[in-house]
Amino acid sequence: MDKVFELIKRETKRQNETLQMIPSENYASADVRKAMGSIFENKYAEGYPGKRYYQGNIVVDELERLCQERVKKLFGVPHVNVQPLSGAPANLAIIKGLQESEKNIQLSQILSMGGHLSMGQSVSVTNIVMPAVHYGLTADGEINWRELEELAIKHKPKIIWAGGTAYTRIFQWKKYAEIADKVGAYFVADISHIGGLVAGGAHPSPVPYAHIVMTTTHKTLRGPRGAIIMVTKRGLQKNSDLDKLIDSAVFPGVQGGPHMETIAGVAVCLAEANTQKFKKYSAQIVKNAKILANELRIMNYELIGDGTENHMVWIDLTNKGVDGWAAAWALEYAGIIANRQTVPNERKSPYYPSGLRLGTPAITTRGMKEPQMRQIAKWIDEVISYTASEINNIDLSQEQRKTFKQVMIKDKKLLLIAQEVKDLCKKFPINV
Ligand SMILES: *Cc1c(COP(=O)(O)O)cnc(C)c1O
């Protein structure tokens, strides 16, 4: 057996026996993965349905059109591009498509407070294409609307972005739209994290307010790694060429040939997302996150946004005596896979931040509900309290971090919790 297949076996075991609580992760269905592993992989299809640069695309045209129709129906939009390879290239294409002059500015949520790299952050190529200014969050985890509006009036941005990788509130689409209209900006909603919640009705849709909506397809939407860019009715009213601008920005602007096997998988996930079962799933994601948040708050965890209204719990660990790095590693040794995260007004660094981010989409796909959330909250607290009592230091030196990992990976208490986690996971097997 090729080494790769041995690794697939090990990764399957890992995904099955530990709790995946990274908010952007999920388990795609066996059907989605079957479509992704299909012979569509072999086909080159540069261009769009009915206008390809290669022969042999009659079936592929039908596939891409089917995928487009499913997006239009599920989200209620007049135009969609299903070719973006992932979220970051999709955002690059949007920026390229909307850019009219080198003087254009974009306005987005700042990286250190949950913004995403691909919305013009300084280390991203999206900032070279269109320089950016950023708004932040208030201390209680809400968008800083006053700052956003002041920056919009001052800079007259071409794009106002909504969306980030860390945000625990319901997005107030109408407020973004009002500010964008006031300054003549395009309002682009990046719903990468909450795409599935919007599809399932567990979060209000930005479609009536935004000009363009982008979502990745692999997070709460539970499909293959990819992204889609939707142009809304409102977008076409603002600019009747917006659909063409986006399409030519994706291809040939940013990409070459589309990944047809991914588009096949996206089409399958869209059919799955357009069911009562998915509606229930997306509601359960939020319910689970709220219970998890509530349990943690009772145990004196400081939650950004004082809880959650979506799939994510965002914790500032400063009062617990550990940083996000130590907590995330200790949790991994105990079978709980989370990710460390900066917090608003971060005092430490992005690599060793003060916070932690937990999400419920993947464990909800496994069928876990309220009782499991309570148990998981207990484990998380056990691990973090124990880790804090072992080190009680939020500013470890490099040497201490090395020792910490060597010691904690063999720690008896963490191994015991990892076994308990594994026992729980056995009752909620993943579909492979
Ligand atoms: C995940 C994410 C992206 C990027 O998606 P990739 O597929 O990782 O490139 C962009 N924007 C937001 C808000 C995201 O959460």
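Reckoned from all heavy atoms, side chains included, excluding hydrogens, waters and symmetry mates. Ligands are counted one by one from 1 in listed order, and the atoms in each one are counted from 1 as well. Just so it is clear, the structure is predicted and the values come from calculations on it, not from any experiment.
- Between the Ser38 side chain and the Glu261 main chain, no donor and acceptor come within less than 3.5 Å of each other.
- Between Arg14 and Glu11 there is a salt bridge, since a side-chain N of the basic residue sits under 4.0 Å from a carboxylate O of the acidic one.
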(request) Please report the C-alpha distance between Glu6 and Lys3 in whole Å, then the side-chain angles of each, then the deciding distance to 0.1 Å, and finally whether the salt bridge (charged side-chain N to carboxylate O under 4.0 Å, His left out) criterion is met. (result) CA-CA 5 Å; Glu6 186 193 313; Lys3 170 87 178 164; 3.7 Å; yes
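- Scanning the protein heavy atoms around atom 7 (O) of ligand 1, the nearest turns out to be Ser86 OG, 2.5 Å.
- Distances below 4.0 Å separate heavy atoms of Ala88 from the following atoms of ligand 1: 4 (C), 5 (O), 6 (P), 9 (O).
- Comparing His193, His218, Lys219, Arg225 against atom 2 (C) of ligand 1, the shortest heavy-atom distance belongs to Lys219.
- The cationic atom of Arg222 (NZ for Lys, CZ for Arg) lies less than 6.0 Å from the six-membered ring centre of Tyr281 and within 45° of the ring axis.
- Using a 4.0 Å cutoff on heavy atoms, Ser24 does not count as a contact of ligand 1.
- Within the 3.5 Å criterion, the main-chain N or O of His211 finds a donor-acceptor partner in the side chain of Thr232.
- Counting non-hydrogen atoms of other residues, nucleotides and ligands closer than 6.0 Å to NZ of Lys9 gives a total of 12 or fewer.
- For Tyr176 and Trp145, the distance between ring centers is under 6.0 angstrom.
- A donor-acceptor pair shorter than 3.5 Å can be found between the side chains of Asn91 and Ser118.
- Here is the list of ligand 1 atoms found below 4.0 Å of a heavy atom in Thr165: 14 (C), 15 (O).
- Nearest non-hydrogen protein atom to atom 3 (C) of ligand 1 is His116 NE2, 3.3 Å.
- Counting heavy atoms under 4.0 Å from ligand 1, residue Ser192 touches it through the side chain alone.
- Residue Thr216 has at least one heavy-atom neighbour below 4.0 Å for each of these atoms of ligand 1: 5 (O), 7 (O).
- Among all non-hydrogen protein atoms, the one lying nearest atom 11 (N) of ligand 1 is Asp190 OD2, 2.6 Å.
- Each of the atoms 4 (C), 5 (O), 6 (P), 7 (O), 9 (O) of ligand 1 lies under 4.0 Å from some heavy atom of Gly87.
- Every atom of ligand 1 with a heavy atom of Ser118 under 4.0 Å away is listed here by number and element: 10 (C).
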